Amino acid sequence: MLIRIRPPSAVQSSEITPESTYRNRRRFLAEMGIGAVGALALSSARAAEAPKTGGEPLKIGKQSKLAGDETVTPFETVSTYNNYYEFGTDKEDPSRNAHTLKTRPWTLSVEGECEAPAQVALDDLLKPAALEERIYRHRCVEAWSIVVPWVGIPLGETLKRFKPTSKAKYVAFETIYDKQQMPEARWSGLQLPYVEGLRIDEAMHPLAFLSVGMYGKTLPNQNGAPLRLTVPWKYGFKSIKSIVRIRFVEAMPPTTWNRLQSSEYGFYSNVNPQVQHPRWSQRSERRLGELFKRDTLMFNGYPEVASLYAGMDLKKFY
Ligand SMILES: Nc1nc2c(c(=O)[nH]1)N[C@H]1C(S)=C(S)[C@@H](COP(=O)(O)O)O[C@H]1N2
Ligand SMILES: [Mo]
């Protein structure tokens, strides 16, 4: 998002040929109008370059369309245009590299200011609650947006099971960090593990969601398998991927992009067309797959969260 630190040796001549072949083949197929299915049938080599991960069907109890009539972005786009810096800084890197992440078994540690801290296996976290599908708009600070049918569980109800105390004013989240499984991470330019945070009332808001799947199936690794945060009224970087730790805390926790450049990335990071960013317009956005820009909406079109910020100067608390 901000910087790309890559030593010259990171681009080896051995990599250049397959990379350009890959791009050319994609462009060729796109120009021929051959869709994803045709492309895969045509070229098993391409499948090896862009591994598809995740993908076990999930049982869905309840469905909510929370993006109006807006068209769902194709799975092919959402699973190949990603930010997941631990697997590379180019949009196509995570879909090619994230297969090295081992997502089973997975344990989530819930700690800090709560009466019932626990280490929970992912399956146990999911058992009591029926899985929901929620179609949300999702906007990156880089001025692109997508509409995704996520599958998961409400964040607030899940957190309540661990009985946060009155000292729990914020919730801190942490991504797995394993250099062996994430060999590209050393070039990310980020201090890792990736961390994010919400104020407790934001985390308890019914729109805040923990996703375990999308498009009816378990998450591809590049989209944050096996468990990622989804907060649709905030910029994409708040939606931390592959979460291993959740901590209830009294003080505002650090967040990865704020640590890197606090003038550009605040703690709140609510989608707000009135607060400008030095490098990307926050007034409008391009929905991936669409030609014309759309106006960016306050709170990304989720005005029901406005009461969380009553009386706050959102230009100051960006
Ligand atoms: N661990 C981790 N989580 C992350 C990121 C990252 O680099 N590492 N990128 C963030 C950013 S900038 C965005 S826009 C979203 C992208 O989510 P998506 O790939 O599912 O669309 O993931 C967020 N979560
Ligand atoms: Mo982003």
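Whatever order the structure lists them in is the order used to number ligands and atoms, beginning at 1. As the structure is a computational prediction, the values presented were derived from the model and not from experiment.
Between Thr100 atom OG1 and Glu184 atom CD the span is 9.0 Å, to the nearest 0.5 Å. The CG atom of Leu126 sits 9.0 Å away from atom CG of Leu210, with the distance rounded to the nearest 0.5 Å. Distance OG/Ser239 to CG/Asn83: 11.5 Å, rounded to 0.5 Å.
When non-hydrogen atoms are compared, ligand 1 lies under 4.0 Å from the backbone of Asn83 as well as from its side chain. Residue-level proximity to ligand 1 for Val141 is absent, since no heavy atom of it falls below 4.0 angstrom. Neither the backbone nor the side chain of Lys238 comes within 4.0 Å of ligand 1, counting heavy atoms alone. At a 4.0 Å heavy-atom cut-off, ligand 1 touches Arg228 through the side chain alone. Proximity of Tyr84 to ligand 1, defined as any heavy-atom pair under 4.0 Å, is shared by backbone and side chain alike.
Of all atoms in ligand 1, listed by their number and element, those nearer than 4.0 Å to a heavy atom of Cys140 are 14 (S). Heavy-atom proximity to Thr175, at under 4.0 Å, picks out these atoms of ligand 1: 1 (N). Heavy-atom proximity to Asn82, at under 4.0 Å, picks out these atoms of ligand 1: 18 (P), 19 (O).
Of the candidates Ser242, Ala185, Ser239, Ser188, Ser239 brings a heavy atom nearest to atom 24 (N) of ligand 1.
For the pair Arg137 and Tyr302, the cation-pi criterion (under 6.0 Å, within 45° of the ring axis) is fulfilled. For the pair Lys217 and Phe75, the cation-pi criterion (under 6.0 Å, within 45° of the ring axis) is not fulfilled.
Using bins of under 30°, 30° to 60° and over 60° for the plane-to-plane angle, the ring pair Phe237/Tyr235 lands in the parallel bin. Classification of the Tyr309-Phe299 ring pair by plane angle, with boundaries at 30° and 60°, yields parallel.
For Ile146, the heavy-atom gap to ligand 1 drops under 4.0 angstrom.
Backbone and side-chain nitrogen or oxygen atoms of Glu86 are examined, and one is located within less than 3.5 angstrom of a nitrogen or oxygen of ligand 1. Of the polar atoms of Lys241, at least one N or O is found under 3.5 Å from an N or O of ligand 1, judged by distance alone. Of the N or O atoms in Asn223, one or more lie within a sub-3.5 Å distance of an N or O in ligand 1. Where the criterion is an N or O separation shorter than 3.5 Å, residue side chain and backbone included, Trp144 fails it with respect to ligand 1.
Residues Asp313 and Lys315 come closest through the heavy atom pair OD1-N, 3.0 Å.
Taking 4.5 Å as the limit, every side-chain heavy atom of Arg294 sits out of range of all side-chain heavy atoms of Arg139.
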